[in-house]
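Written below as structure tokens is the structure these notes are about.
In what follows, every chain begins at residue 1, and chains take the letters A, B, ... in the order their sequences are listed. This structure is a prediction, so every number in the text was calculated from the model and none was measured.
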Amino acid sequence: MSNIKPEDFFKNIISHSKEYGFIFQNSEIYDGLSAVYDYGQMGVELKKNIRDYWWKSMVQMHENIVGIDSAIFMHPTTWKASGHVDAFNDPLIDNKESKKRYRADVLIEEYISKIEDKIKKEIEKAAARFENFDRTLFCSTNGRVKEYQEKIDAINESFKSALNNNDLEEIKKIIINLEIVCPISGSRNWTDVRQFNLMFSTSMGSVSDEANTIYLRPETAQGIFVNYLNVQKTGRMKIPFGIVQTGKAFRNEIVARQFIFRMREFEQMEMQFFIKPGTEIEWYEYWKKIRLSWHLSLGLGNEKYRFHDHLKLAHYANAACDIEFEFPFGFKELEGIHSRTDFDLKQHEQFSNKKLQYFDSELNQSYVPFVIETSVGLDRLFLSVLSSAFKIEKLEEDETRTVLSLPAALAPYKAAIFPLLKKDGLPELSESIMNALKLDFNLAYDEKDTIGKRYRRQDAIGTPFCITVDHQSIEDKTVTIRDRDTMKQTRIKIDEIKTFLNQNVGIQNLLKNL
RNA sequence: GCGAAAGUAGCUCAAUUGGUAGAGCUCCAGCCUUCCAAGCUGGAGGUUGCGGGUUCGAGACCCGUCUUUCGCUCCA
């Protein structure tokens, strides 16, 4: 493994993911859709197991945390309240020399205000010269001022109509015609104007011209905020309490890259934890600790995680950090932990005109709770698990072995069952063992090819144990069980397989160490 | 978004200055076989990412386009 270059190592992971049914490029037969990927038959199991582990560690292990599953569609006002609509609906243009990005409308408005400054100077000069200065008369008669004003009016007219018609080409033409330069590079080498929409939109209603624009949610959090009072009341929740949910979110990223690390459609696993105002720093520190230890429990290597504190805070936060993971392409954000204050609930109070307050019987008063958010990307978590589990081992001589050392509780198959030979009653015994165990475990069965190939196939998809049925099995009701990581075999009684697997692949092993 | 590289069978790759698209592995059907990618026989799998151009002739040369990877940029 040491002689593989890092970029080749990542490429190996990507092709391994495809070859063994973990990740496929979306719409591959049509050349793919950029930055969208599908999970295959192995990937879906691994992803589901990661999600289950997260869910159980949050909901099952905490009495004061419950889950919901809110819709991807939400009332459009939701996104006005959250600030997503206003912050990301601007025409953008890039300067090719300086690589700087500007709001096209701001560039034009700045240009107009420069002309207005010139008018102001003309007026000031004239006012200093004449005693009975008539400003209105001066503006309507002075040639230079009139010229400036006409230019402003002309720009405004075409600019407004371009904005109203959403005519991005026209906006670019205005910038070119006015010879607006980049303040940094001084260059007029501009890209086309693009509308940057973070959110994907669609329309609801069968008749298109009376349809409402509906957004695909860019974060799952808002589904929790708008339901927070429903859950609090119907679940008789007492502060502090948390609501979690997992689900798809959609962001129209300009640059989406690095395999499944940054996709346009991705899955979030979020918790919003509702607390008494003034206790947010305490809870923020608490959840930082809890979430880091959750990641460490996967056993991918403690040195692969670190905190990264946000210096620049979002408009809603008063403290924020990321848990970063060392991916094959470097340390990158895996989970975000934010102290979101009462921003979101207050915004929803204002926009909905509904009281979203909690009555605290200890204080005998109502307040809008503060919120601590933990938000982890399931796809990123998947990639962290997959990329640190993937190993190309050197065995004797030139032999190599490709193995996924997945945490056993997360592996798609918990065990594989092989008859050593496809005769002498071995397949029949294998199947009866399989039928008894499949009530509890997801299992693979394979009787094709030599036993060595079958072991290697299971190594490649991360199956922790291989159970082989041989002639001795028929005589004394024992089987060999082979460990994926050590390749060592031990012989155990058929009756003991279930207990053995429970002890070694059960999710309880992860949960009890939290 | 800018720059660079790449795209040939499910996977990894070959194909002489432009001259009949191939190999290994995988897969499928058998044979053989008592524990780590064994052997034998047969078989399937391709409009060389897509579209155009140059040429008697293009996997190769030119243009466009799509996708991926890397660097920069961006990222509430």
message = Checking the side chain of A/R380 only, and the main-chain atoms of A/E333 only, is there a donor and an acceptor separated by less than 3.5 Å?
response = yes
key: Derivation and outcome, side chain to side chain contact (heavy atoms under 4.5 Å, CB included), residues A/I461 and A/Q458   = CA-CA 5 Å; A/I461 57 174; A/Q458 296 302 322; 3.6 Å; yes
For [N] and [M], measure between their [atom1] atoms and round to the nearest Å.
{"N": "B/rA29", "M": "B/rG45", "atom1": "C1'", "result": "15 Å"}
{"N": "B/rA60", "M": "B/rA14", "atom1": "P", "result": "16 Å"}
{"N": "B/rA21", "M": "B/rG46", "atom1": "C1'", "result": "8 Å"}
{"N": "B/rC50", "M": "B/rG59", "atom1": "C1'", "result": "14 Å"}

Nucleotide forming a Watson-Crick or wobble pair with [N], both distances under 3.5 Å:
{"N": "B/rG51", "value": "B/rC63"}
{"N": "B/rU68", "value": "B/rA5"}
{"N": "B/rC56", "value": "B/rG19"}
{"N": "B/rA29", "value": "B/rU41"}

Check this for me: does the side-chain of [X] come within 3.5 Å of the base of [N] through a donor and an acceptor?
{"X": "A/R454", "N": "B/rC35", "result": "no"}
{"X": "A/R251", "N": "B/rC75", "result": "no"}
{"X": "A/T480", "N": "B/rC35", "result": "yes"}
{"X": "A/D470", "N": "B/rC35", "result": "yes"}
{"X": "A/Y30", "N": "B/rC66", "result": "no"}

Stacked cation flag A/K47 on A/Y39, 6.0 angstrom / 45 deg = yes
Ignoring hydrogens and angles, write down the donor-acceptor pairs under 3.5 Å from the side chains of residues 18-25 of chain A, residues two or more places apart or on other chains.
from  : atom 1 : to    : atom 2 : distance (Å)
A/K18 : NZ     : A/E28 : OE2    : 3.0
A/Q25 : NE2    : A/L33 : O      : 3.4

inquiry  = Here's a test of your reading of the structure: between A/Q472 and A/R457, which maps to the more 5' nucleotide of RNA chain B?
reply    = A/R457
inquiry  = What's A/K488 touching, base or sugar-phosphate or nothing? Going by heavy atoms closer than 4.0 Å.
reply    = nothing
ask   = Going by atom types only, do A/D485 and A/S405 share a side-chain donor-acceptor pair under 3.5 Å?
value = yes
key: Set of residues satisfying side chain to side chain contact (heavy atoms under 4.5 Å, CB included) with respect to A/D309, sequence neighbours excluded   = A/Y284, A/K288, A/C321
task = Identify which nucleotide among B/rC11, B/rC36, B/rC70 has an atom closest to any side-chain atom of A/E19, counting heavy atoms from C-beta outward.
result = B/rC11
Are any protein N/O atoms closer than 3.5 Å to N/O atoms in nucleotides 45-48 of chain B? If there are, list each pair with its distance.
none

